[in-house]
**Q** 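Quick one: the structure is below, and I'll ask about it shortly.
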Amino acid sequence: MTTPEQAPLPAINQMEMAVNSNAADPEEITLDAILKHIGQFGRFQLFIFLLICLPMMFHAMFSVTYVFTAGTVMHRCNITECDGPDSQYDEPWTEYSIPKNGRELDKCNRYDNYQLSSWNQTQNICLADNYNKEKIERCPGNDFKFRDQEFTISNDFEIFCDDEWKLSLVGTINNLGQFFGIPLGGFVADRYGRSFSIALGGILGAVLGIVRSYSPNYICFLVFEFLDNMTSSTLYSTCFVIGIELVGPKRRVLACSVITIFYAIGEVSLAMFAKAFPHWRTLLRIAYTPSLILLAYFWILPESVRWLLSVGKEERARGILRRAARVNKRKLSESALDKLVIANRDKLQQSDESKFPIREAFSNFKWRIANCSLCWIVHVLVYYGLSLNVVLLDGNKYNNFAFIALVEIPGFFMPLLIMDRFGRRYSLCGLMLFSGLCCIGTIFAGGDQQVLQLVLFLVGKLTITASFQVLYFFASEIFPTNLRNSLLSFCSMMGRFGSMLAPQTPLLAKYYTNAPAILFACAAIFSGCLTLFFPETTNLVLPTTVKEADAIGFKKKPPKDQNINVPA
């Protein structure tokens, strides 16, 4: 029994296929061959990529807004005997009334004024000699003076000093939401479609983010922080996968490098918005409201042709390929489409797999999935661990955040230069080892060579960013189409353990200053060596079934000249 999506092919085309079956291997009739014929990255693909870049940029803002909405505001004790209503954060008396914590004034403590008990309003006891620097006392209540105009949930919900762990908890809840949301989003993308997943995740994240800006208390804020990131966390991986599946093999690296640049652009945009609008409620509304446009993606974003073929929705796949050929100004015959559909049906029938063979995948790829998950944990740990060091840099924190994001852009393009030349495995291994060596280098540079430390820090961030990019390509190419999003999302979900651990790594510095750098270096070098156990995927056709994915690394690579004559 056939469905409307699997209507019988015209008899003449079936006969033509039978006649030509001896002349050409049916396995050569692939979607990659069709894409080469109609244009690997033509106008149609360019239009889709422009659409994909928007949710990629929005996701960057969604995932890191907590850096500014739940940030610690700079404050000091209100020195009642000195400060008045118009007093500023820095005043002459702060030099002797408040202890220093590093370069900054202590947020929660002050020196005892032993003359205070005998003080009356006619006396000026705000003098250096009246403060006992041997005795430190806590600021009374929540009476503080603030340095900047920044307004986060810290001063909105009065979260200071001993309660500041609640601010760090927001980041943990953010990543916990992504932990649950990424595999759920991957399941939706593989079961109901890539474009559906992008539109649904984007619009739900937008609505929940706007609702969060009206949170009346801390608990309500946490709940919507979790829900927002649970629904929108799949945007990055799904946009990446649809980009991988859309273009021909020779344009995948370039196309997806362009997509991921918009993640960095999103981070820079958020930093500039936060700088211009320092109130957290206003920032959330400005960051999330434009993403409501993703509602239109239910209708305007074409579905992935590979996914449509993998689930038997052949007529929709034909229609998209026809439109792609027309927009790219190439001719594509119905005969070529018929051959593609027949070859695809044969693959699906011969595979003896269900449309969502998740059990078979975990049985066949258990070591591949385990290695990929570990690699993801290490990448996220090192990536975010290095990013946390931005607070140690001098200057405006908004500009520093933007600079750290901008340094990622060269990292997104680095795979263009090395992936096809050295292969996926060696590129991934080399970049991870180099990032680990940079972490070790910061230890030997020492605190006296700040410029060298900064250079090593930026190079380490750049190379782990490039390595992350390679990892996304690798994970997209070693898993089959009908499970690509789910397994990639599973590995990404496991990576959330690294992002939950990263904010805690500065605590290691209390025991040994260089402990965080040693942890990052050892993790990157160890996992980098394990990547050599992955199968190589350079210049291979994306696998459609579990059987094809399982065979990667065991069968010969196709010849370099794969130009197939597709009937025009």
Side-chain angles (χ1 to χ4, degrees), residues 27 30 179 182-191 194 197 234 236-238 240-242 244-245 249 252 304 306-307 309-311 344 347-348 350-380 419 423-429 432 467-498 526-558:
E27 290 184 357
T30 63
F179 179 82
I182 287 173
L184 180 62
F187 171 81
V188 172
D190 281 337
R191 201 66 181 268
R194 315 315 195 202
S197 176
T234 189
Y236 188 102
S237 58
T238 307
F240 196 92
V241 167
I242 200 172
I244 284 282
E245 296 179 341
R252 287 176 194 153
S304 164
R306 292 186 191 275
W307 179 82
L309 290 173
S310 73
V311 296
N344 184 72
K347 285 183 180 181
L348 296 180
Q350 293 172 8
S351 67
D352 287 329
E353 297 171 6
S354 64
K355 291 184 178 180
F356 194 70
I358 192 70
R359 288 186 179 180
E360 294 91 328
F362 272 90
S363 175
N364 289 29
F365 307 139
K366 53 181 176 293
W367 295 115
R368 192 180 298 182
I369 294 172
N371 197 1
C372 183
S373 297
L374 174 63
C375 195
W376 218 288
I377 291 172
V378 171
H379 273 82
V380 174
M419 279 179 61
R424 273 47 165 170
R425 286 188 306 169
Y426 292 121
S427 297
L428 185 61
C429 177
M432 293 186 74
S467 182
F468 220 151
Q469 183 83 334
V470 177
L471 179 60
Y472 260 99
F473 278 103
F474 220 160
S476 300
E477 294 175 341
I478 61 178
F479 298 128
T481 298
N482 53 353
L483 290 171
R484 184 168 295 123
N485 231 107
S486 294
L487 294 179
L488 187 147
S489 296
F490 176 82
C491 296
S492 181
M493 176 194 74
M494 299 305 292
R496 293 309 102 191
F497 287 111
F526 176 72
S527 182
C529 293
L530 289 181
T531 60
L532 296 176
F533 290 96
F534 281 121
E536 184 55 68
T537 60
T538 305
N539 294 326
L540 295 183
V541 174
L542 289 179
T544 301
T545 65
V546 170
K547 183 179 179 181
E548 288 183 340
D550 198 25
I552 294 177
F554 294 97
K555 64 179 182 179
K556 295 180 180 179
K557 295 182 181 180

**Q** Enter the distance from Leu530:CG to Cys372:SG here, rounded to the nearest 0.5 Å.
**A**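 Answer for the CG-SG pair, Leu530 versus Cys372, is 12.5 Å.
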
**Q** Please tell me if the side chains of Tyr236 and Tyr472 come closer than 4.5 Å, counting only heavy atoms from C-beta onward.
**A**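 Tyr236 vs Tyr472: side chains touch.
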
**Q** Ignoring hydrogens and angles, tell me if any N or O in the side chain of Arg194 forms a donor-acceptor pair with the backbone of Trp307 under 3.5 Å.
**A**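 Not at all, since once roles are kept as given, no pair shorter than 3.5 Å links the two residues.
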
**Q** Which heavy atom of Phe179 sits nearest to which heavy atom of Met493, and what is that distance?
**A**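 So the minimum-distance heavy-atom pair works out to O-CG, 2.9 Å.
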
**Q** A side-chain contact here means heavy atoms from C-beta on lying under 4.5 Å apart; do Phe526 and Leu374 qualify?
**A**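 Yes, side chains in contact.
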
**Q** Do Phe365 and Ile478 have side chains that approach each other closer than 4.5 Å (heavy atoms only, starting at C-beta)?
**A**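 In short, these two side chains do not touch, never coming nearer than 4.5 Å.
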
**Q** Distance check, rounded to the nearest 0.5 Å: Asp190 atom CG versus Ser310 atom OG?
**A**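 It comes to 7.5 Å.
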
**Q** Any sub-3.5 Å donor-acceptor pair from Glu548's side-chain atoms to Pro480's backbone N or O?
**A**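 Answer holds: no.
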
**Q** Name the orientation class of the two ring planes belonging to Phe468 and His379 (parallel below 30°, tilted from 30 to 60°, perpendicular beyond 60°).
**A**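 The arrangement is tilted - the two ring planes meet at 30° to 60°.
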
**Q** Backbone N or O of Phe534 within a donor-acceptor pair of the Asn371 side chain at under 3.5 Å?
**A**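 Side chain of Asn371 to backbone of Phe534, a donor-acceptor pair under 3.5 Å: no, none is there.
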
**Q** Could you check whether any side-chain N or O of Arg424 sits under 3.5 Å from a backbone N or O of Glu536, counting only pairs where one atom can act as donor and the other as acceptor?
**A**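 Not confirmed, Arg424 side chain does not pair with Glu536 backbone.
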
**Q** Any side-chain heavy-atom pair from Leu428 and Cys375 closer than 4.5 angstrom?
**A**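 Heavy-atom side-chain distance check passes, below 4.5 Å.
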
**Q** Return yes if some donor-acceptor pair links the side-chain N/O of Ser492 with the main-chain N/O of Leu488 below 3.5 Å, else return no.
**A**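 No.
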
**Q** Report yes if the side chains of Arg368 and Leu487 come closer than 4.5 Å at any heavy-atom pair, otherwise no.
**A**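 Result no, sub-4.5 Å side-chain heavy-atom pair not found.
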
**Q** Quick one: closest heavy-atom pair of Ser197 and Thr234, and the distance?
**A**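 What the structure gives for the nearest pair is OG-CG2, 3.7 Å.
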
**Q** Looking only at heavy atoms, which two atoms of Cys491 and Phe479 are closest? And how far apart?
**A**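 Shortest heavy-atom separation between Cys491 and Phe479 comes out as SG-CE1, 4.4 Å.
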
**Q** Between Phe474 and Arg425, is any pair of side-chain heavy atoms under 4.5 Å apart?
**A**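 Phe474 vs Arg425: side chains touch.
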
**Q** Does the side chain of Phe490 reach to within under 4.5 Å of the side chain of Ile182, using non-hydrogen atoms?
**A**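 In short, these two side chains do not touch, never coming nearer than 4.5 Å.
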
